[in-house]
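Data first, discussion second: the structure below is written as C-alpha coordinates.
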Amino acid sequence: MIDGRSRRYLIETWGCQMNQHDTEKMAGILAGLGYVPTADDREADVILLNTCSIREKAESKVYGRLGRLRRLKMANPDLFIGVVGCVAQQVGQGIFSRAPFVNLVMGPRNLSRLGELIEEARREGRSIGLARDDDPIEFPFGTMARASGPKAFVTVMEGCNKSCTYCIVPFTRGREVYRPATEIMAEVTQLAQEGYREVEFLGQNVNAYHHEGSDLASLLRMADRIPGIRRVRFTTSHPGHLKRTIMDSFRDVPTVCNHLHLPAQSGSDRVLKAMNRGYTRSKYVSKLEFMRRSVPGMAFSTDLIVGFPGEGPRDFGETLQLMRDIEFDQVYAFAYSPRPGTEAARLEAIVPREAQQERLGELLSLQESIQTRRNRTLMGQVFEVLVDGVGRLDNGLLRGRTRCNRIVHFPGPAQRGVLIDVRITRAQPHSLLGEVLPNSRPA
Ligand code: 5AD
Ligand code: SF4
(Lines give C-alpha, C1' and ligand atoms only; values in the text may rest on other atoms or scores of the structure.)
(Ligands and ions follow the chains in the order given, each with its own letter.)
Protein backbone atom coordinates (compact mmCIF):
# COMPACT_ATOMS: atom_id res chain seq x y z
CA MET A 1 0.00 0.00 0.00
CA ILE A 2 1.11 3.55 -0.70
CA ASP A 3 -0.73 6.45 1.01
CA GLY A 4 -3.54 4.11 1.91
CA ARG A 5 -4.13 2.91 -1.66
CA SER A 6 -3.12 -0.38 -3.26
CA ARG A 7 -0.12 -0.33 -5.55
CA ARG A 8 -1.03 -0.46 -9.21
CA TYR A 9 0.57 -2.31 -12.09
CA LEU A 10 0.39 -2.16 -15.85
CA ILE A 11 1.75 -4.90 -18.12
CA GLU A 12 2.03 -4.16 -21.84
CA THR A 13 2.26 -7.24 -24.01
CA TRP A 14 3.69 -7.79 -27.48
CA GLY A 15 4.08 -11.00 -29.43
CA CYS A 16 2.59 -14.45 -29.41
CA GLN A 17 0.09 -16.33 -27.24
CA MET A 18 2.95 -17.59 -25.06
CA ASN A 19 3.70 -13.98 -24.19
CA GLN A 20 0.03 -13.21 -23.58
CA HIS A 21 -0.13 -16.14 -21.22
CA ASP A 22 3.12 -15.13 -19.49
CA THR A 23 1.43 -11.80 -18.82
CA GLU A 24 -1.43 -13.67 -17.12
CA LYS A 25 1.13 -15.46 -14.95
CA MET A 26 2.93 -12.24 -14.00
CA ALA A 27 -0.38 -10.51 -13.31
CA GLY A 28 -1.22 -13.35 -10.92
CA ILE A 29 2.07 -12.97 -9.08
CA LEU A 30 1.56 -9.21 -8.74
CA ALA A 31 -2.03 -9.71 -7.53
CA GLY A 32 -0.64 -12.09 -4.89
CA LEU A 33 1.64 -9.28 -3.72
CA GLY A 34 -1.35 -6.97 -3.31
CA TYR A 35 -1.10 -5.03 -6.57
CA VAL A 36 -4.19 -4.09 -8.57
CA PRO A 37 -4.26 -3.56 -12.36
CA THR A 38 -4.53 -0.18 -14.05
CA ALA A 39 -4.75 0.80 -17.71
CA ASP A 40 -3.29 4.27 -17.13
CA ASP A 41 0.50 4.44 -17.17
CA ARG A 42 0.42 7.74 -15.25
CA GLU A 43 -1.07 6.11 -12.17
CA ALA A 44 0.95 2.88 -12.28
CA ASP A 45 3.56 2.08 -9.62
CA VAL A 46 4.96 -0.81 -11.65
CA ILE A 47 5.09 -0.98 -15.45
CA LEU A 48 6.30 -4.14 -17.15
CA LEU A 49 6.92 -4.35 -20.88
CA ASN A 50 6.49 -7.97 -21.95
CA THR A 51 8.46 -7.89 -25.16
CA CYS A 52 8.81 -9.85 -28.41
CA SER A 53 11.95 -10.09 -30.52
CA ILE A 54 10.74 -12.24 -33.38
CA ARG A 55 11.28 -9.44 -35.92
CA GLU A 56 13.26 -6.23 -35.72
CA LYS A 57 10.09 -4.14 -35.79
CA ALA A 58 8.73 -5.82 -32.66
CA GLU A 59 12.02 -5.10 -30.91
CA SER A 60 12.24 -1.46 -31.96
CA LYS A 61 8.73 -0.80 -30.61
CA VAL A 62 10.09 -1.57 -27.16
CA TYR A 63 12.74 1.13 -27.42
CA GLY A 64 10.12 3.58 -28.66
CA ARG A 65 7.95 2.79 -25.68
CA LEU A 66 10.87 3.15 -23.28
CA GLY A 67 11.36 6.70 -24.60
CA ARG A 68 7.96 7.73 -23.25
CA LEU A 69 8.46 5.83 -20.03
CA ARG A 70 11.65 7.76 -19.38
CA ARG A 71 9.60 10.95 -19.16
CA LEU A 72 7.14 9.30 -16.77
CA LYS A 73 10.02 8.11 -14.64
CA MET A 74 11.46 11.64 -14.49
CA ALA A 75 8.13 12.90 -13.21
CA ASN A 76 7.83 10.00 -10.74
CA PRO A 77 11.20 8.57 -9.64
CA ASP A 78 9.45 5.85 -7.60
CA LEU A 79 7.97 4.33 -10.74
CA PHE A 80 9.29 0.78 -11.19
CA ILE A 81 9.98 -0.18 -14.80
CA GLY A 82 10.69 -3.72 -15.94
CA VAL A 83 11.57 -5.03 -19.38
CA VAL A 84 10.65 -8.70 -19.50
CA GLY A 85 10.12 -11.37 -22.17
CA CYS A 86 12.11 -12.14 -25.29
CA VAL A 87 13.90 -8.81 -25.90
CA ALA A 88 14.97 -8.82 -22.26
CA GLN A 89 16.46 -12.30 -22.67
CA GLN A 90 18.16 -11.39 -25.92
CA VAL A 91 19.60 -8.00 -24.98
CA GLY A 92 20.15 -8.70 -21.27
CA GLN A 93 22.35 -6.14 -19.49
CA GLY A 94 22.38 -4.13 -22.72
CA ILE A 95 18.90 -2.80 -21.81
CA PHE A 96 20.43 -0.90 -18.88
CA SER A 97 22.93 0.84 -21.17
CA ARG A 98 20.18 1.91 -23.56
CA ALA A 99 17.72 2.79 -20.82
CA PRO A 100 19.52 3.25 -17.49
CA PHE A 101 16.27 4.11 -15.68
CA VAL A 102 14.96 0.53 -16.11
CA ASN A 103 14.78 -1.32 -12.78
CA LEU A 104 14.40 -4.91 -13.91
CA VAL A 105 15.37 -7.03 -16.89
CA MET A 106 13.92 -10.53 -16.82
CA GLY A 107 13.76 -13.24 -19.49
CA PRO A 108 10.72 -15.44 -20.12
CA ARG A 109 12.22 -18.42 -18.33
CA ASN A 110 12.36 -16.61 -15.00
CA LEU A 111 8.74 -15.62 -14.55
CA SER A 112 8.18 -17.37 -11.27
CA ARG A 113 10.97 -15.26 -9.72
CA LEU A 114 9.19 -11.99 -10.55
CA GLY A 115 8.24 -11.13 -6.95
CA GLU A 116 11.68 -11.85 -5.62
CA LEU A 117 13.41 -9.91 -8.43
CA ILE A 118 11.19 -6.87 -7.86
CA GLU A 119 12.15 -6.95 -4.16
CA GLU A 120 15.82 -7.27 -5.03
CA ALA A 121 15.63 -4.43 -7.55
CA ARG A 122 13.89 -2.17 -5.05
CA ARG A 123 16.64 -2.88 -2.54
CA GLU A 124 19.56 -2.52 -4.92
CA GLY A 125 18.35 -0.10 -7.55
CA ARG A 126 18.18 -2.63 -10.35
CA SER A 127 18.21 -6.34 -10.97
CA ILE A 128 18.47 -8.86 -13.73
CA GLY A 129 17.07 -12.35 -14.11
CA LEU A 130 18.06 -14.27 -17.20
CA ALA A 131 17.86 -17.99 -17.79
CA ARG A 132 18.74 -19.98 -20.83
CA ASP A 133 18.74 -23.55 -21.94
CA ASP A 134 17.65 -26.24 -19.58
CA ASP A 135 17.09 -24.26 -16.41
CA PRO A 136 14.02 -25.79 -14.81
CA ILE A 137 10.92 -23.71 -15.28
CA GLU A 138 8.28 -23.50 -12.67
CA PHE A 139 4.71 -22.83 -13.55
CA PRO A 140 3.12 -20.74 -10.84
CA PHE A 141 0.16 -23.02 -10.32
CA GLY A 142 -3.15 -21.41 -9.45
CA THR A 143 -1.62 -17.95 -9.28
CA MET A 144 -2.59 -16.70 -12.71
CA ALA A 145 -4.81 -13.72 -13.33
CA ARG A 146 -6.36 -15.03 -16.52
CA ALA A 147 -8.27 -13.02 -19.05
CA SER A 148 -11.87 -13.90 -18.31
CA GLY A 149 -13.35 -16.89 -20.16
CA PRO A 150 -14.47 -18.82 -22.00
CA LYS A 151 -11.04 -19.84 -23.30
CA ALA A 152 -7.97 -20.49 -21.16
CA PHE A 153 -4.36 -20.96 -22.22
CA VAL A 154 -2.48 -23.84 -20.64
CA THR A 155 1.30 -24.13 -20.99
CA VAL A 156 2.36 -27.69 -21.75
CA MET A 157 5.99 -27.02 -22.66
CA GLU A 158 8.49 -24.21 -22.94
CA GLY A 159 11.34 -23.63 -25.37
CA CYS A 160 12.25 -25.01 -28.77
CA ASN A 161 14.91 -27.54 -29.82
CA LYS A 162 14.62 -26.88 -33.57
CA SER A 163 17.15 -24.75 -35.37
CA CYS A 164 15.32 -22.88 -38.11
CA THR A 165 17.99 -20.59 -39.46
CA TYR A 166 15.89 -17.38 -39.25
CA CYS A 167 14.52 -17.83 -35.76
CA ILE A 168 15.50 -16.23 -32.49
CA VAL A 169 13.11 -18.24 -30.30
CA PRO A 170 15.63 -20.95 -29.35
CA PHE A 171 17.87 -18.14 -28.07
CA THR A 172 15.16 -16.35 -26.11
CA ARG A 173 13.11 -19.26 -24.81
CA GLY A 174 15.84 -21.90 -24.44
CA ARG A 175 15.70 -25.67 -24.81
CA GLU A 176 12.48 -27.66 -24.56
CA VAL A 177 11.13 -28.45 -21.10
CA TYR A 178 7.91 -30.42 -20.69
CA ARG A 179 5.37 -30.24 -17.94
CA PRO A 180 4.09 -33.50 -16.40
CA ALA A 181 0.74 -34.59 -17.83
CA THR A 182 -0.78 -34.95 -14.34
CA GLU A 183 0.00 -31.31 -13.59
CA ILE A 184 -1.46 -30.17 -16.92
CA MET A 185 -4.66 -32.16 -16.34
CA ALA A 186 -5.00 -30.85 -12.78
CA GLU A 187 -4.97 -27.34 -14.25
CA VAL A 188 -7.48 -28.22 -16.97
CA THR A 189 -9.79 -29.79 -14.35
CA GLN A 190 -9.62 -26.68 -12.23
CA LEU A 191 -10.32 -24.49 -15.28
CA ALA A 192 -13.38 -26.60 -16.13
CA GLN A 193 -14.63 -26.20 -12.56
CA GLU A 194 -14.18 -22.43 -12.84
CA GLY A 195 -16.42 -22.49 -15.94
CA TYR A 196 -13.92 -22.35 -18.82
CA ARG A 197 -15.25 -24.30 -21.82
CA GLU A 198 -12.21 -24.21 -24.07
CA VAL A 199 -8.50 -24.76 -23.45
CA GLU A 200 -5.61 -24.07 -25.77
CA PHE A 201 -2.40 -25.96 -25.10
CA LEU A 202 0.62 -23.74 -25.60
CA GLY A 203 4.21 -24.39 -26.52
CA GLN A 204 6.66 -22.98 -29.08
CA ASN A 205 6.85 -26.49 -30.54
CA VAL A 206 3.75 -27.91 -28.92
CA ASN A 207 3.38 -31.07 -30.99
CA ALA A 208 6.88 -32.19 -29.94
CA TYR A 209 5.53 -32.54 -26.39
CA HIS A 210 6.58 -35.77 -24.70
CA HIS A 211 6.92 -36.63 -21.05
CA GLU A 212 7.04 -39.98 -19.27
CA GLY A 213 5.23 -41.88 -22.00
CA SER A 214 2.68 -39.16 -22.80
CA ASP A 215 2.66 -37.20 -26.05
CA LEU A 216 0.41 -34.46 -27.35
CA ALA A 217 -2.11 -37.01 -28.63
CA SER A 218 -2.37 -38.46 -25.10
CA LEU A 219 -2.88 -34.99 -23.63
CA LEU A 220 -5.72 -34.37 -26.10
CA ARG A 221 -7.42 -37.62 -25.11
CA MET A 222 -7.02 -36.89 -21.40
CA ALA A 223 -8.43 -33.36 -21.72
CA ASP A 224 -11.38 -34.75 -23.68
CA ARG A 225 -12.41 -36.80 -20.64
CA ILE A 226 -12.54 -33.82 -18.28
CA PRO A 227 -16.19 -32.88 -17.66
CA GLY A 228 -17.08 -29.35 -18.73
CA ILE A 229 -14.33 -28.94 -21.35
CA ARG A 230 -16.01 -28.66 -24.74
CA ARG A 231 -13.18 -27.57 -27.00
CA VAL A 232 -9.45 -28.17 -27.12
CA ARG A 233 -6.89 -26.50 -29.39
CA PHE A 234 -3.10 -26.34 -29.42
CA THR A 235 -0.49 -24.01 -30.84
CA THR A 236 2.05 -23.73 -32.37
CA SER A 237 2.98 -26.83 -34.32
CA HIS A 238 5.91 -27.89 -36.46
CA PRO A 239 5.05 -29.97 -39.56
CA GLY A 240 7.94 -32.35 -38.84
CA HIS A 241 6.40 -33.37 -35.50
CA LEU A 242 2.88 -33.79 -36.81
CA LYS A 243 2.63 -37.50 -36.14
CA ARG A 244 -0.20 -39.71 -37.34
CA THR A 245 -1.55 -40.06 -33.76
CA ILE A 246 -1.95 -36.28 -33.54
CA MET A 247 -3.56 -36.04 -36.98
CA ASP A 248 -5.98 -38.82 -36.01
CA SER A 249 -6.99 -36.92 -32.84
CA PHE A 250 -8.80 -34.35 -35.00
CA ARG A 251 -11.05 -37.14 -36.27
CA ASP A 252 -11.29 -39.34 -33.17
CA VAL A 253 -11.33 -37.02 -30.15
CA PRO A 254 -14.63 -35.12 -30.03
CA THR A 255 -13.42 -32.00 -28.20
CA VAL A 256 -10.43 -31.42 -30.51
CA CYS A 257 -11.46 -28.57 -32.81
CA ASN A 258 -11.21 -28.96 -36.57
CA HIS A 259 -8.62 -26.25 -37.07
CA LEU A 260 -4.84 -26.53 -37.18
CA HIS A 261 -2.28 -23.77 -37.33
CA LEU A 262 0.67 -25.29 -39.19
CA PRO A 263 3.39 -22.86 -40.24
CA ALA A 264 4.69 -23.73 -43.74
CA GLN A 265 7.07 -20.70 -43.96
CA SER A 266 7.63 -21.23 -47.72
CA GLY A 267 6.38 -23.24 -50.67
CA SER A 268 9.85 -23.65 -52.17
CA ASP A 269 11.95 -26.70 -51.30
CA ARG A 270 15.10 -24.71 -51.90
CA VAL A 271 14.07 -22.06 -49.37
CA LEU A 272 12.76 -24.65 -46.89
CA LYS A 273 16.18 -26.27 -47.00
CA ALA A 274 17.96 -22.96 -46.43
CA MET A 275 15.61 -22.36 -43.51
CA ASN A 276 16.50 -25.83 -42.14
CA ARG A 277 12.83 -26.66 -41.73
CA GLY A 278 13.38 -30.39 -42.17
CA TYR A 279 10.46 -31.11 -44.54
CA THR A 280 9.65 -30.68 -48.20
CA ARG A 281 6.67 -28.96 -49.71
CA SER A 282 5.19 -32.29 -50.76
CA LYS A 283 5.51 -33.78 -47.25
CA TYR A 284 3.75 -30.72 -45.85
CA VAL A 285 0.99 -30.88 -48.45
CA SER A 286 0.41 -34.60 -47.99
CA LYS A 287 -0.24 -34.15 -44.25
CA LEU A 288 -2.83 -31.45 -44.92
CA GLU A 289 -4.47 -33.50 -47.65
CA PHE A 290 -4.65 -36.49 -45.34
CA MET A 291 -6.43 -34.43 -42.67
CA ARG A 292 -8.75 -32.77 -45.20
CA ARG A 293 -9.85 -36.24 -46.31
CA SER A 294 -10.34 -37.59 -42.78
CA VAL A 295 -11.80 -34.60 -40.87
CA PRO A 296 -14.99 -32.89 -42.09
CA GLY A 297 -14.64 -29.12 -42.49
CA MET A 298 -10.98 -29.16 -41.43
CA ALA A 299 -9.55 -25.61 -41.47
CA PHE A 300 -5.91 -24.63 -41.77
CA SER A 301 -3.97 -21.50 -41.03
CA THR A 302 -0.28 -20.94 -41.63
CA ASP A 303 2.70 -18.61 -41.25
CA LEU A 304 4.71 -17.60 -44.31
CA ILE A 305 7.96 -15.65 -44.56
CA VAL A 306 8.66 -13.70 -47.74
CA GLY A 307 12.03 -12.41 -48.89
CA PHE A 308 14.19 -14.94 -47.08
CA PRO A 309 17.82 -14.52 -48.29
CA GLY A 310 18.19 -16.16 -51.69
CA GLU A 311 14.42 -16.32 -52.33
CA GLY A 312 14.07 -15.71 -56.05
CA PRO A 313 10.87 -14.87 -57.99
CA ARG A 314 10.51 -18.54 -58.78
CA ASP A 315 10.68 -19.58 -55.11
CA PHE A 316 8.15 -16.91 -54.24
CA GLY A 317 5.93 -18.18 -57.07
CA GLU A 318 6.00 -21.60 -55.41
CA THR A 319 4.77 -20.08 -52.16
CA LEU A 320 1.87 -18.46 -54.04
CA GLN A 321 1.15 -21.78 -55.71
CA LEU A 322 1.11 -23.53 -52.32
CA MET A 323 -1.49 -21.01 -51.19
CA ARG A 324 -3.63 -21.68 -54.27
CA ASP A 325 -3.26 -25.45 -53.85
CA ILE A 326 -4.13 -25.54 -50.14
CA GLU A 327 -6.47 -22.55 -49.90
CA PHE A 328 -5.62 -21.77 -46.28
CA ASP A 329 -8.39 -20.30 -44.18
CA GLN A 330 -5.97 -17.77 -42.75
CA VAL A 331 -2.39 -16.74 -43.46
CA TYR A 332 0.00 -14.74 -41.28
CA ALA A 333 2.69 -13.42 -43.59
CA PHE A 334 5.91 -11.66 -42.62
CA ALA A 335 8.79 -10.00 -44.41
CA TYR A 336 11.99 -11.76 -43.39
CA SER A 337 13.87 -9.83 -40.75
CA PRO A 338 17.46 -10.79 -39.86
CA ARG A 339 17.85 -11.53 -36.14
CA PRO A 340 21.13 -11.23 -34.27
CA GLY A 341 22.95 -14.49 -33.67
CA THR A 342 20.86 -16.55 -36.11
CA GLU A 343 22.45 -18.46 -38.97
CA ALA A 344 20.41 -16.72 -41.66
CA ALA A 345 21.59 -13.30 -40.48
CA ARG A 346 24.98 -14.22 -41.98
CA LEU A 347 23.58 -15.02 -45.42
CA GLU A 348 24.44 -12.57 -48.14
CA ALA A 349 21.83 -12.93 -50.88
CA ILE A 350 19.56 -10.37 -49.23
CA VAL A 351 16.21 -9.58 -50.82
CA PRO A 352 15.82 -5.77 -50.85
CA ARG A 353 13.11 -4.33 -48.65
CA GLU A 354 11.08 -3.01 -51.61
CA ALA A 355 11.01 -6.46 -53.22
CA GLN A 356 9.97 -7.98 -49.87
CA GLN A 357 7.13 -5.48 -49.51
CA GLU A 358 6.01 -6.05 -53.08
CA ARG A 359 5.90 -9.81 -52.53
CA LEU A 360 4.10 -9.36 -49.23
CA GLY A 361 1.45 -7.22 -50.95
CA GLU A 362 0.98 -9.76 -53.72
CA LEU A 363 0.69 -12.60 -51.23
CA LEU A 364 -1.86 -10.79 -49.07
CA SER A 365 -4.04 -9.85 -52.00
CA LEU A 366 -4.05 -13.46 -53.21
CA GLN A 367 -5.05 -14.61 -49.73
CA GLU A 368 -7.79 -11.98 -49.56
CA SER A 369 -9.34 -13.38 -52.71
CA ILE A 370 -9.01 -16.98 -51.48
CA GLN A 371 -10.62 -16.10 -48.14
CA THR A 372 -13.42 -14.15 -49.78
CA ARG A 373 -14.23 -17.10 -52.01
CA ARG A 374 -13.95 -19.68 -49.23
CA ASN A 375 -16.03 -17.69 -46.77
CA ARG A 376 -18.77 -17.19 -49.39
CA THR A 377 -19.21 -20.95 -49.60
CA LEU A 378 -20.17 -20.89 -45.91
CA MET A 379 -23.31 -18.76 -46.50
CA GLY A 380 -26.38 -20.55 -45.18
CA GLN A 381 -24.36 -23.12 -43.23
CA VAL A 382 -24.88 -23.60 -39.51
CA PHE A 383 -21.95 -23.59 -37.06
CA GLU A 384 -21.65 -24.17 -33.35
CA VAL A 385 -20.33 -20.90 -31.94
CA LEU A 386 -18.72 -20.35 -28.55
CA VAL A 387 -19.68 -16.82 -27.52
CA ASP A 388 -16.63 -14.93 -26.32
CA GLY A 389 -18.03 -11.45 -25.89
CA VAL A 390 -19.00 -8.29 -27.65
CA GLY A 391 -17.30 -7.54 -30.97
CA ARG A 392 -14.70 -4.81 -31.21
CA LEU A 393 -16.87 -2.66 -33.45
CA ASP A 394 -19.37 -0.66 -31.51
CA ASN A 395 -22.39 -2.16 -33.26
CA GLY A 396 -23.88 -4.13 -30.39
CA LEU A 397 -23.16 -7.45 -32.07
CA LEU A 398 -21.91 -10.42 -30.12
CA ARG A 399 -18.86 -12.30 -31.21
CA GLY A 400 -17.87 -15.92 -31.08
CA ARG A 401 -15.77 -18.55 -32.75
CA THR A 402 -16.68 -21.66 -34.66
CA ARG A 403 -14.85 -24.90 -33.96
CA CYS A 404 -12.96 -24.23 -37.20
CA ASN A 405 -11.74 -20.98 -35.59
CA ARG A 406 -13.72 -18.53 -37.70
CA ILE A 407 -14.97 -15.37 -36.05
CA VAL A 408 -18.73 -14.87 -36.31
CA HIS A 409 -20.65 -11.71 -35.35
CA PHE A 410 -24.34 -11.96 -34.61
CA PRO A 411 -27.13 -10.10 -32.83
CA GLY A 412 -28.70 -11.73 -29.83
CA PRO A 413 -29.09 -12.02 -26.12
CA ALA A 414 -26.67 -14.95 -25.71
CA GLN A 415 -24.10 -14.75 -22.97
CA ARG A 416 -20.38 -15.14 -22.97
CA GLY A 417 -19.33 -18.76 -22.63
CA VAL A 418 -22.42 -20.38 -24.14
CA LEU A 419 -22.40 -22.60 -27.22
CA ILE A 420 -25.11 -21.82 -29.73
CA ASP A 421 -25.92 -22.64 -33.33
CA VAL A 422 -25.52 -19.75 -35.75
CA ARG A 423 -26.47 -19.63 -39.43
CA ILE A 424 -24.13 -17.60 -41.63
CA THR A 425 -25.93 -14.74 -43.37
CA ARG A 426 -23.04 -12.65 -44.69
CA ALA A 427 -19.45 -13.50 -45.49
CA GLN A 428 -16.51 -11.09 -45.40
CA PRO A 429 -12.90 -12.03 -46.00
CA HIS A 430 -11.98 -11.83 -42.31
CA SER A 431 -15.25 -12.40 -40.51
CA LEU A 432 -18.73 -13.75 -40.85
CA LEU A 433 -22.13 -12.40 -39.89
CA GLY A 434 -24.82 -14.73 -38.70
CA GLU A 435 -28.12 -15.22 -36.92
CA VAL A 436 -28.83 -17.46 -33.96
CA LEU A 437 -31.10 -20.34 -34.91
CA PRO A 438 -34.51 -19.91 -33.25
CA ASN A 439 -34.46 -23.40 -31.76
CA SER A 440 -30.84 -23.13 -30.64
CA ARG A 441 -30.75 -23.85 -26.94
CA PRO A 442 -27.63 -22.48 -25.30
CA ALA A 443 -25.42 -25.24 -23.89
N1 5AD B 1 11.66 -12.80 -39.84
C2 5AD B 1 10.36 -12.81 -40.24
N3 5AD B 1 9.45 -13.64 -39.72
C4 5AD B 1 9.85 -14.50 -38.77
N5 5AD B 1 9.18 -15.45 -38.08
C6 5AD B 1 10.03 -16.03 -37.23
N7 5AD B 1 11.25 -15.51 -37.35
C8 5AD B 1 11.17 -14.54 -38.32
C9 5AD B 1 12.10 -13.65 -38.89
N10 5AD B 1 13.38 -13.64 -38.52
C11 5AD B 1 7.77 -15.75 -38.31
C12 5AD B 1 7.58 -17.21 -38.65
C13 5AD B 1 6.98 -17.78 -37.40
C14 5AD B 1 6.19 -16.60 -36.91
C15 5AD B 1 5.81 -16.67 -35.46
O16 5AD B 1 7.04 -15.50 -37.14
O17 5AD B 1 6.66 -17.29 -39.73
O18 5AD B 1 6.18 -18.91 -37.63
FE1 SF4 C 1 7.96 -13.25 -29.97
FE2 SF4 C 1 8.83 -15.71 -30.29
FE3 SF4 C 1 9.13 -14.57 -27.96
FE4 SF4 C 1 6.67 -15.30 -28.81
S5 SF4 C 1 8.40 -16.64 -28.34
S6 SF4 C 1 7.21 -13.39 -27.87
S7 SF4 C 1 6.87 -14.87 -31.02
S8 SF4 C 1 10.09 -13.96 -29.90
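Start at 1 and go down the list; that is how both ligands and their atoms are numbered.
Here the two rings, on F234 and F250, have centers that are under 6.0 Å apart.
Under 3.5 Å, the side chains of H430 and N375 contain no donor-acceptor pair of N or O atoms. Judged by distance alone, the side chains of R359 and T319 never bring a donor and an acceptor atom under 3.5 Å apart. Side chains of D215 and S218: a donor-acceptor N/O pair is present below 3.5 angstrom, by distance only. Using modelled atom types and a 3.5 Å distance limit, the side chains of E24 and Q20 yield no donor-acceptor pair. Checking T172 against S53 by side-chain atom types alone, no donor-acceptor pair falls below 3.5 Å. Using modelled atom types, one finds no donor on one side chain facing an acceptor on the other under 3.5 Å when comparing R55 with Y166.
Looking at Y336 next to ligand 1, no N or O pair under 3.5 Å apart turns up.
Protein residues are said to neighbour a ligand when one of their heavy atoms lies under 4.0 Å from it; for ligand 2 these are C16, N19, C52, S53, I54, C86, V169, R173, Q204.
Classification of R146 and E194 as a salt-bridged pair fails, no side-chain N sitting under 4.0 Å from a carboxylate O. Using a cutoff of 4.0 Å between basic side-chain nitrogens and carboxylate oxygens, R231 and E384 are scored as salt-bridged.
Contacts between I305 and ligand 1, counted as non-hydrogen atom pairs separated by less than 4.0 Å, involve the side chain only.
For atom 7 (N) of ligand 1, the nearest protein heavy atom (residue, atom name, distance) is Y166 CD1, 3.2 Å. Protein heavy atom at the shortest distance from atom 2 (C) of ligand 1 is A335 O, 3.3 Å. Among protein heavy atoms, the minimum distance from atom 18 (O) of ligand 1 is reached at D303 OD2, 2.6 Å. Protein heavy atom nearest atom 10 (N) of ligand 1, with residue, atom name and distance: S337 O, 2.8 Å. From the protein, the heavy atom lying nearest to atom 4 (C) of ligand 1 is R55 NH1, 3.5 Å.
Those atoms of ligand 1 that come under 4.0 Å of a heavy atom in F334, given as number and element, are 3 (N), 11 (C), 14 (C), 16 (O), 17 (O). Listed by number with element, the atoms of ligand 1 under 4.0 angstrom from any heavy atom of Q265 are 12 (C), 13 (C), 17 (O), 18 (O). Heavy-atom contacts of R339 reach the following atoms of ligand 1: 10 (N) (cutoff under 4.0 Å).
For the atom pair CZ (R8) and CG (D40), the distance works out to 9.0 Å, reported to the nearest 0.5 Å. Within the model, atoms CG of D269 and OG1 of T280 stand 5.5 Å from one another, a figure rounded to the nearest 0.5 Å.
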